[in-house]
Amino acid sequence: MPVPRCSGPCGGVRPAALRRPRTGGAVCRSCFCNAFEAEVLTTLQTGRLLPPGAIVAVGASGGKDSTVLAHVLRALDARHGLELDLRLVAVDEGIGGYRDAALAAVRRQAARWQLPLTVVAYADLFGGWTMDEVARRAAQEPGRARACCTFCGVLRRRALEEGAQRVRATHIVTGHNADDMAETVLMNFLRGDSGRLARGGTLGSPGEGGALPRCRPLQFASQKEIVLYAHFQELDYFSEECVYAPEAFRGHVRDLLKALEAARPSVVLDLVHSAERLALAPAARPPPPGACTRCGALASRSLCQACALLDGLNRGRPRLAIGKGRKGLGEEGEEQSCASKDRGRPIRAGAIQAF
């Protein structure tokens, strides 16, 4: 069967390289990359996410999502004069045999793009606790193995905020993509978590209680297209799975979503847009957040989620601050366990329909 010609702006001058999962159109490599970048620009502009002059802390894990995010922001800034001051912020969770290789990829990216890099470590921020130490402590309690992602999500969010403050950022961007957001929406439905559902439909958070504004420029980009963009741009990124990820609830939700996507290809974006349109009855809406009595961070209870989790660890009772041990705890769980959501199973470019 002959390879179709590109149906994109080049007018069929070049042969098609893939059929876009998002639109079904057959496009060449150049038209696809240009369209991908244009769609991210549209997300930035329509959402008014990053004003001119913004000092942007890019949550960099070394994985595909954060790598593509930084590359696209640099390209758009140079081409369209967005006037962004980009700074990479990486988090060292203290996961032996995994994070060192990922941070090496981040350092290569920073050197290649000539972007400043700041690395913040759990051990320095949280009284010596690393994820490996947290995992060992959690493993001492029956049935708590999958708690690792809950701890990591909460602590990573706090660490990224701290790193952004250190570089004097005005905004934080993360590489969460459409698949990540659809998984989060589905997880919150399955948990019956109306509070998180109420907060999960926007492109980020405006920043309150001293926290920096956050946004997700790749929220409408599929994981498949992110992988393909990275492949076409020959980007250097780390693609191994976190050693604790297989135990996470998100993995089961991801498998379910893939099965649903096979029957209904639009299900990912359908879920993302459903969260945007979700309206809750007044009684189901979460109360306005206050300030943590210990660290002053934004909190829905007297202690923020990070302080509560660390308190449980220090008391030798990690489950004290998880699930039924602290019902209704905090804002972020395992659905935020990576700044760029790159801990999922690696995806090969060959897994996408290409010509």
Side-chain angles (χ1 to χ4, degrees), residues 33 36 40 56-75 86-123 130-132 135 148-149 151-153 155-157 159-160 163-164 172-180 183 216-218 221-248 250-251 254 334-352:
C33 290
F36 184 93
V40 176
V56 183
V58 182
S61 70
K64 63 185 185 309
D65 298 332
S66 61
T67 301
V68 166
L69 175 61
H71 178 87
V72 170
L73 289 179
R74 287 183 68 254
L86 302 177
R87 306 179 183 189
L88 302 182
V89 176
V91 177
D92 181 359
E93 305 94 335
I95 303 176
Y98 169 75
R99 184 47 69 191
D100 289 344
L103 288 175
V106 175
R107 292 188 176 96
R108 292 195 300 270
Q109 294 161 5
R112 177 182 178 183
W113 295 330
Q114 297 183 323
L115 291 177
L117 169 64
T118 297
V119 180
V120 291
Y122 281 10
T130 66
M131 270 313 301
D132 285 341
C148 292
C149 288
F151 278 97
C152 195
L155 300 183
R156 169 176 274 277
R157 183 177 178 89
L160 182 57
I172 297 173
V173 296
T174 60
H176 294 80
N177 60 47
D179 294 67
D180 300 326
E183 290 167 8
R216 300 181 287 265
L218 301 182
S222 74
Q223 190 167 222
K224 293 176 182 177
E225 294 203 347
I226 287 172
V227 172
L228 196 58
Y229 180 89
H231 172 69
F232 285 152
Q233 296 291 342
E234 299 180 351
L235 299 181
D236 172 23
Y237 65 89
F238 179 74
S239 61
E240 296 298 321
E241 183 179 42
C242 174
V243 295
Y244 300 116
E247 300 170 340
R250 179 176 287 272
R254 180 178 295 119
E334 74 178 47
E335 62 265 26
Q336 298 289 350
S337 61
C338 279
S340 65
K341 303 308 304 165
D342 292 317
R343 65 171 172 79
R345 299 180 182 88
I347 296 179
R348 297 172 292 104
I352 302 167

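- Of all the heavy atoms in M131 and C148, the pair that sits closest is CE-O, 3.4 Å.
- Scanning all heavy atoms of the two residues, the minimum distance from G163 to V120 falls at CA-CG1, 3.8 Å.
- In terms of heavy-atom proximity, A221 sits nearest to N177 at O-CB, 3.3 Å.
- For A75, the side-chain contact (heavy atoms from CB on, under 4.5 Å) partners are E37, R79, not counting sequence neighbours.
- To the nearest 0.5 angstrom, L115 atom CG is 6.0 Å from L86 atom CG.
- Side-chain contact check for V72 versus P217: every heavy-atom pair is 4.5 Å or farther apart.
- Of the inter-residue distances, the one linking E234 atom CD with H71 atom NE2 reads 10.5 Å to the nearest 0.5 angstrom.
- Every residue meeting the side chain to side chain donor-acceptor pair (under 3.5 Å) condition with D132, not counting sequence neighbours, appears here in chain and number order: Y244.
- Scored by the salt bridge (Lys or Arg N to Asp or Glu O under 4.0 Å) test, D100 finds no partners at all (sequence neighbours excluded).
- Atom CD of Q233 and atom CG of L228 lie 10.5 Å apart (nearest 0.5 Å).
- Closest non-hydrogen pair, D92 versus R99, comes out as OD1-CG, 3.5 Å.
- For R74, there are no salt bridge (Lys or Arg N to Asp or Glu O under 4.0 Å) partners two or more places apart in sequence or in a different chain.
- Taking both residues in full, the closest heavy atoms of A248 and C149 are given as CB-SG, 3.4 Å, listed atom of the first, atom of the second, then distance.
- Remark: R107 engages no residue in a salt bridge (Lys or Arg N to Asp or Glu O under 4.0 Å) (not counting sequence neighbours).
- Considering all non-hydrogen atoms of both residues, A57 and V89 come closest at CB-CG2, 3.8 Å.
- Judged by distance alone, the side chain of R216 and the main-chain N or O of A178 form no donor-acceptor pair under 3.5 Å.
- D180 is listed as a side-chain neighbour of D65, based on a closest heavy-atom distance under 4.5 Å.
- Residue R112 holds its CZ atom at 6.0 Å from CG of L235, rounded to the nearest 0.5 Å.
- Here Y229 contributes atom OH and T67 contributes atom OG1; the two are 11.5 Å apart, rounded to the nearest 0.5 Å.
- Y122 contributes atom OH, which lies 5.5 Å from atom CZ of R156 (distance to the nearest 0.5 angstrom).
- A donor-acceptor contact shorter than 3.5 Å links the side chain of S66 to the backbone of S61.
- For A90, the side-chain contact (heavy atoms from CB on, under 4.5 Å) criterion is met by L103, V106, L117, V119, not counting sequence neighbours.
- No side-chain donor-acceptor contact under 3.5 Å links Q109 to the backbone of Y237.
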